[in-house]
K.L.:
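Below is a structure I'd like to ask you about.
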Amino acid sequence: ARAVHPERIARNEAESAQRVTDFLIELFATSTPDRSLGETITARALLDIGARRIQGEEIRDPKVRARLLSAVGSAYASLGLHDEGVELLHDAADEIQTSYGPQSTEYGKALSNLANQMQQVAKQEDVERMMEGSLEILAKGEDRNAFAMATLRKAEWRFNHGEDVEADSLLRSAITLLENEATPDTSVMITAYSMRAFSAARSMHEEKAKPDFLRALELATAHYGEK
């Protein structure tokens, strides 16, 4: 098989990202007064328009369609429209599995994102299955930040179901992954330390919580700047 040059992969990814950006800019332009004929278009209506266009024949590149499905699906979920969001995220995961392969990091991340949104609408065993599938794939890959984020999501899931011991174990694993990573994702690290601090505070271990709260604050201030 012919090797795929990294430059070509990077160029294709950049082109896909630009097409996603162009689509979203065009979609949001729909809400401007000259395009909407003076009518007010709600966020829900805008997402409905985008979903119909993505699911139609307009977007033929499966990688571009997957990114758009994921973006619009996550936007639905952020509005509390979890059923609509999960449906699109399911479609995105299917597209990614076909385009990148069932053992790809991209597919593992898509499953993690899907499982995270499914918590509001799906059965517990279905969420568990999706999370385990994501972790199994990401554990074999090189993206330690993605594996840590999926681990944190499972920890949060355990906390929400009162399984604090396993949740704490997952949190420790995620933080160890990040601390041993050459280029850790700062936003993931902030999430990890904040979660561990809240866990300790909830258990009335204020002395254990304080260092993690301060570490999360330090990282957030350095990353986002003081507001």
K.L.:
Hey, is CZ on Phe213 packed in by over 12 heavy atoms from elsewhere, all under 6.0 Å?
P.N.:
yes

K.L.:
Using a 4.5 Å cut-off on heavy atoms from C-beta on, say whether the side chain of Trp157 contacts that of Glu163.
P.N.:
no

K.L.:
Looking at CG of Leu114 and CE of Met130, how far apart are the two atoms once the value is rounded to the nearest 0.5 Å?
P.N.:
4.5 Å

K.L.:
When rounded to the nearest 0.5 angstrom, what distance separates CD in Glu128 from NE2 in His161?
P.N.:
7.5 Å

K.L.:
What heavy-atom pair brings Ala77 and His82 nearest, and what distance separates the two atoms?
P.N.:
O-CE1, 3.5 Å

K.L.:
Crowded around Glu207 CD? As in, over 12 foreign heavy atoms under 6.0 Å?
P.N.:
no

K.L.:
Considering residues at least two apart in sequence or located in another chain, which fulfil the ring-ring contact (aromatic ring centres under 6.0 Å, His included) criterion with His205?
P.N.:
none

K.L.:
Determine whether a donor-acceptor pair (N or O, by modelled atom type, separation under 3.5 Å) exists between the side chain of Tyr107 and the backbone of Thr98.
P.N.:
no

K.L.:
Measure the CD-OG distance between Glu106 and Ser70 for me, rounded to the nearest 0.5 Å.
P.N.:
12.0 Å

K.L.:
Of the non-hydrogen atoms in Leu171 and Ala192, which two are nearest, and what is the gap between them?
P.N.:
CD2-O, 3.9 Å

K.L.:
Using side-chain contact (heavy atoms from CB on, under 4.5 Å), reason through Gln55 and Leu69 one step at a time and then give a plain yes or no.
P.N.:
CA-CA 8 Å; Gln55 292 174 315; Leu69 287 167; 4.3 Å; yes

K.L.:
Go through it in stages, so that I can follow the logic: the residues are Ile137 and Thr105, the test is side-chain contact (heavy atoms from CB on, under 4.5 Å), and I'd like the CA-CA distance, side-chain angles, deciding distance and then a yes or no.
P.N.:
CA-CA 7 Å; Ile137 294 169; Thr105 294; 5.9 Å; no

K.L.:
I need the full list of salt bridge (Lys or Arg N to Asp or Glu O under 4.0 Å) pairs touching residues 73-92, with sequence neighbours left out, sorted by first then second residue.
P.N.:
Arg44-Glu84

K.L.:
Does any non-hydrogen side-chain atom of Leu47 lie less than 4.5 Å from one of Leu79?
P.N.:
yes

K.L.:
What distance do Arg196 atom CZ and Ile175 atom CD1 have between them, rounded to the nearest 0.5 Å?
P.N.:
3.5 Å

K.L.:
Take atom CD of Glu206 as the centre, draw a 6.0 Å sphere, and report whether it contains more than 12 heavy atoms from other residues, nucleotides or ligands.
P.N.:
no

K.L.:
For side-chain contact (heavy atoms from CB on, under 4.5 Å), just list the numbers for Phe198 and Arg202, CA-CA rounded to whole Å, side-chain angles, deciding distance to a tenth of an Å, and then say yes or no.
P.N.:
CA-CA 6 Å; Phe198 280 117; Arg202 188 170 69 171; over 6 Å; no

K.L.:
Report yes or no: does Thr221 contribute a side-chain atom to a donor-acceptor pair with the main-chain N or O of Leu217 at less than 3.5 Å?
P.N.:
yes

K.L.:
Side chains of Met131 and Gln119: closer than 4.5 Å at any heavy-atom pair?
P.N.:
yes

K.L.:
Is it the case that the side chain of Ser169 and the backbone of Val165 share a donor-acceptor pair, with hydrogens and angles ignored and the cut-off at 3.5 Å?
P.N.:
no

K.L.:
Going by an N to O cut-off under 4.0 Å, is there a salt bridge joining Asp212 and Arg215?
P.N.:
no

K.L.:
Show me the side-chain donor-acceptor pairs of residues 144-155 shorter than 3.5 Å, one per line, residues at least two apart or across chains.
P.N.:
unit_1 : atom_1 : unit_2 : atom_2 : d
Arg144 : NH2    : Leu138 : O      : 3.0
Arg144 : NH2    : Ala139 : O      : 3.2
Arg144 : NH2    : Gly141 : O      : 2.8
Asn145 : OD1    : Asp185 : N      : 2.7
Asn145 : ND2    : Thr183 : O      : 3.1
Thr151 : OG1    : Phe147 : O      : 2.8
Arg153 : NH1    : Ser112 : O      : 3.4
Arg153 : NH1    : Ser112 : OG     : 2.9
Lys154 : NZ     : Glu132 : OE2    : 2.1

